[in-house]
Amino acid sequence: MDRVRSVLALCAATVLAVPGITALSSAARAADADLARNGGFEAGLDGWTCTAGSVVNSPVRSGGSALKATPAGSDNARCAQTVTVKPDSQYTLAGYVRGDYAYLGASGTGTTDVSTWTQSAPDWQRLTTTFRTGASTSKVTIYTHGWYGTGAYHADDISLVGPGVDAGQPPAAPTTPTVGTVTSTSVALSWPSVPGATGYAIHRNGTKIQSANGTSATVTGLSPSTAYSFQITAVNEAGESARSPAVTATTTSGPGGGDPADLPAHALVGYLHASFANGSGYTRMADVPGSWDVINLAFGEPTSTTSGDIRFSLCPATECPNVESAAEFKAAIKAKQAAGKKVLISIGGQNGQVQLTTTAARDTFVSSVSKIVDEYGLDGLDIDFEGHSLSLNADDTDFKNPKTPVIVNLISAVKTLKAKYGADFVLTMAPETFFVQLGYQYYGTGKWGGQDPRAGAYLPVIHALRDDLTLLHVQDYNSGPIMGLDNQYHSMGGADFHIAMTDMLLTGFPVAGDANNVFPPLRPDQIAIGMPATPNAGNGHVPSSETNKALDCLTKKTSCGSYTTHGTWPALRGLMTWSINWDRFGGWEFSRNFDGYFG
């Protein structure tokens with residue numbers, strides 16, 4: 001967090017389709033159909049799974065949308081869908097492309113997989129190929145992609161014409177679901193099985209929010225003392241049933257999970273360079289102004305990357321001549337706490353790579369962090385894992401059920417610390433956008449491999465700990481362009497980036513574009529927006545006027561600019577900045593603006 005870093009930005013790809021024109025006999029026309037779903041891309045990415053993707057309005061061959069895909073690094077910008085076909089049947093795959101290298105193909109045919117391509121197409125060029133399915137083939141994957149390191153290509157009007165398959169009927173609607181355990185942030189639901197269903201979908205207040213393979217699910221990320229309506233649908237290959245009768249549940253009162261009752265409604269969070277100066281100068285704990293509600297001590301760092309042994313010490317006097325004694329530091333912490341402030345140990349940072357690869361490292365992490373918390377009398381823990389601390393194994397594809405040891409062990413360690421210190425133990429996280437919002441497009445290495453395994457890697461940690469999480473303040477800085485829920489890329493430098501990134505956290509989003517695997521929204525009281533205090537503190541600094549526009553949009557739905565949010569959240573917790581030291585270096589402009597805005 002303490003230095004300017006470049007964050008890998010990945011571009012996006014998509015595929016479109018409209019019915020292809022194929023020379024067919026009159027007999028064939030009667031039996032054949034275009035089996036490609038959303039071939040024209042008029043419904044966004046519906047039906048397609050893409051390693052990268054964005055919708056453009058120009059150029060298009062027909063309709064109002066087309067694909068623009070730009071391969072990057074080891075990603076060839078592939079977009080694919082799986083189609084149900086008849087065995088031992090002839091099919092024609094066609095589509096239009098333009099730009100640099102563009103491929104169109106089919107795999108899993110059961111006979112010979114096919115593809116066709118063009119090296120360069122200054123204008124729309126039709127690609128077409130045919131194949132015959134194997135004797136037992138019932139599904140085929142069709143795809144388009146570019147080539148590694150080349151320029152962008154566009155695609156439109158993709159079709160797969162051949163004998164259709166009767167998918168049958170959607171299942172019957174489930175009967176009324178039953179409400180189980182209700183907390184301040186979650187509701188457990190169950191329902192009877194439906195014959196013929198291969199899965200179920202949960203709808204909250206009329207909107208589909210998550211899927212389930214079985215006949216029960218727990219809906220999380222809810223607000224306290226709030227009534228919600230739930231309905232269930234059954235799904236199979238033929239589609240989704242009608243919705244069940246609605247059932248209403250009201251969450252319990254009190255602060256949400258992980259929210260100490262004495263944390264102010266709007267809080268200012270800052271990192272204090274307690275163990276180094278970093279060009280901004282050392283700030284003594286006693287000199288931190290009362291504006292700061294949560295003070296994160298930067299940083300606790302491991303003795304080695306995989307040891308789990310976290311150590312913290314004050315800045316050496318050779319680097320920080322005005323550093324206070326340990327006794328003075330501890331006394332100043334107690335004074336801040338007496339004034340209602342929270343002081344946490346932040347683990348990680350740019351240089352503190354932490355990989356809990358073993359259960360032994362997990363247990364050492366718990367014991368060493370506990371020692372720091374006890375020695376300095378701290379209120380909680382901030383997880384600021386950056387760089388290569390978190391990544392996903394190739395077979396780890398479901399953020400709700402992680403398998404990777406560094407993920408599983410971190411979750412276990414934090415839950416142990418939370419249980420040890422109780423409900424008032426403050427837990428915050430400061431991931432980079434690469435590890436959170438980028439998960440809307442990419443998750444780990446991807447279905448076909450080749451992606452950065454760190455993409456979206458914080459999502460399973462956040463999800464598993466959401467009921468214990470006090471604050472998530474993603475670093476909206478030192479970031480490459482990130483695609484928002486409007487399927488447009490957003491870049492640092494203005495209110496728009498903070499609005500789009502925060503809206504994703506408060507609305508939830510499908511992970512890697514999978515509508516059946518949705519990261520649920522967090523509560524607004526769990527969210528603070530992460531910003532640099534000054535231009536010296538990191539890339540992405542914005543003036544106070546842009547900060548206030550972002551707050552206006554998210555809490556009042558005014559000053560929103562071009563991005564349309566999916567709600568209004570007056571309970572948004574506040575702001576986080578890197579750092580208190582840099583804010584002092586800048587004349588306290590960041591904290592003074594916060595005080596002026598929230599009063």
Side-chain angles (χ1 to χ4, degrees), residues 181 183-189 201-202 204 207-214 216-223 251 256-259 356 362 381-385 389-393 395-419 427-444 453-475 485 501-528 573:
T181 302
T183 73
S184 61
T185 60
S186 65
V187 172
L189 300 168
I202 298 93
R204 182 186 66 208
T207 300
K208 180 179 176 180
I209 57 167
Q210 67 189 72
S211 299
N213 293 324
S216 64
T218 298
V219 179
T220 60
L222 306 178
S223 298
T251 51
D259 184 9
L356 303 182
R362 175 200 65 190
L381 168 67
D382 173 68
I383 302 171
D384 183 17
F385 283 16
S389 291
L390 296 181
S391 63
L392 295 159
N393 290 350
D395 64 343
D396 199 344
T397 59
D398 181 4
F399 76 91
K400 296 176 183 176
N401 297 286
K403 304 176 182 178
T404 307
V406 295
I407 304 289
V408 174
N409 289 333
L410 175 60
I411 293 168
S412 175
V414 175
K415 283 187 173 292
T416 300
L417 287 165
K418 183 75 176 183
L427 173 63
T428 66
M429 300 182 193
E432 297 159 292
T433 56
F434 189 94
F435 295 90
V436 183
Q437 288 94 337
L438 187 67
Y440 177 50
Q441 289 181 276
Y442 309 96
Y443 188 70
R454 299 172 297 163
Y458 244 97
L459 293 177
V461 179
I462 298 168
H463 185 69
L465 296 170
R466 62 172 57 236
D467 288 341
D468 299 310
L469 182 63
T470 308
L471 286 175
L472 176 70
H473 29 66
V474 175
Q475 300 177 38
L485 295 181
M501 295 301 99
T502 307
D503 181 64
M504 295 179 77
L505 304 175
L506 294 168
T507 303
F509 53 86
V511 175
D514 185 351
N516 294 315
N517 196 28
V518 175
F519 179 79
L522 291 161
R523 305 189 315 270
D525 63 87
Q526 289 178 298
I527 301 298
R573 182 66 77 176

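We use all heavy atoms of the structure for the numbers below, so side chains are in, but hydrogens, waters and symmetry mates are not. This is a predicted model, so every value here is computed, not measured.
Scored by the side-chain hydrogen bond (donor to acceptor under 3.5 Å, both in side chains) test, D396 finds T404 as partners (sequence neighbours excluded). Take K400 and apply the side-chain hydrogen bond (donor to acceptor under 3.5 Å, both in side chains) test, not counting sequence neighbours, and it matches no residue. Listed by chain and residue number, S186, A188, T220 satisfy the side chain to side chain contact (heavy atoms under 4.5 Å, CB included) test with T218 (two or more places apart in sequence, or in another chain). Every residue two or more places apart in sequence or in another chain was checked for a side-chain hydrogen bond (donor to acceptor under 3.5 Å, both in side chains) with T502, and none qualifies.
Note that the CG atom of N401 and the NE2 atom of H463 stand 8.0 Å from one another [nearest 0.5 Å]. To the nearest 0.5 Å, atoms CG (L392) and CZ (F435) are separated by 10.0 Å. Separating the OG1 atom in T470 from the NZ atom in K418 is a distance of 5.0 Å, to the nearest 0.5 Å. With values rounded to the nearest 0.5 angstrom, L472 atom CG is found 4.5 Å from I527 atom CD1. Interatomic distance, L410 CG to I383 CD1, rounded to the nearest 0.5 Å: 5.0 Å. L469 contributes atom CG, which lies 8.0 Å from atom OG1 of T428 (distance to the nearest 0.5 angstrom).
Minimum interatomic distance between L465 and I411 (heavy atoms only, all atoms of both residues): CD2-O, 4.1 Å. A217 and I202 get closest at one heavy-atom pair: CB-CD1, 3.9 Å. Closest approach of P524 and L506 over heavy atoms only: CA-CD2, 3.5 Å. In terms of heavy atoms, R454 sits closest to L390 at CG-O, 3.4 Å.
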Note to self: If you apply the rule side-chain contact (heavy atoms from CB on, under 4.5 Å), what do you find for H473 with D382, and how did you get there?
What the structure shows: CA-CA 10 Å; H473 29 66; D382 173 68; 3.4 Å; yes
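Put simply, the side chain of Y458 gets close to the backbone of F385: a donor and an acceptor are under 3.5 Å apart. Not one N or O on the side chain of R204 forms a donor-acceptor pair closer than 3.5 Å with the backbone of V219.
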Side-chain donor/acceptor pairs under 3.5 Å, residues 507-519, sequence neighbours excluded:
| from | atom 1 | to | atom 2 | distance (Å) |
| --- | --- | --- | --- | --- |
| T507 | OG1 | D503 | O | 2.8 |
| T507 | OG1 | D503 | OD1 | 3.2 |
| D514 | OD1 | N516 | N | 2.9 |
| N516 | OD1 | K208 | NZ | 3.2 |
| N516 | OD1 | S211 | OG | 3.3 |

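Contact of the L459 side chain with the P402 side chain is not registered, since no non-hydrogen atoms from C-beta on lie closer than 4.5 Å. Between I407 and V461 the shortest side-chain heavy-atom distance falls below 4.5 Å. Side-chain atoms of M501 and V436, non-hydrogen and from C-beta on, never get closer than 4.5 Å to each other.
Under a cut-off of 6.0 angstrom, the local environment of CG in N213 is sparse, with at most 12 non-hydrogen atoms contributed by other residues, nucleotides or ligands.
Residue pairs meeting the salt bridge (Lys or Arg N to Asp or Glu O under 4.0 Å) criterion with at least one partner in residues 402-416, sequence neighbours excluded, are K415-D468.
Shown are R573, Q526, M429; of these, the side-chain contact (heavy atoms from CB on, under 4.5 Å) with L471 is made only by R573.
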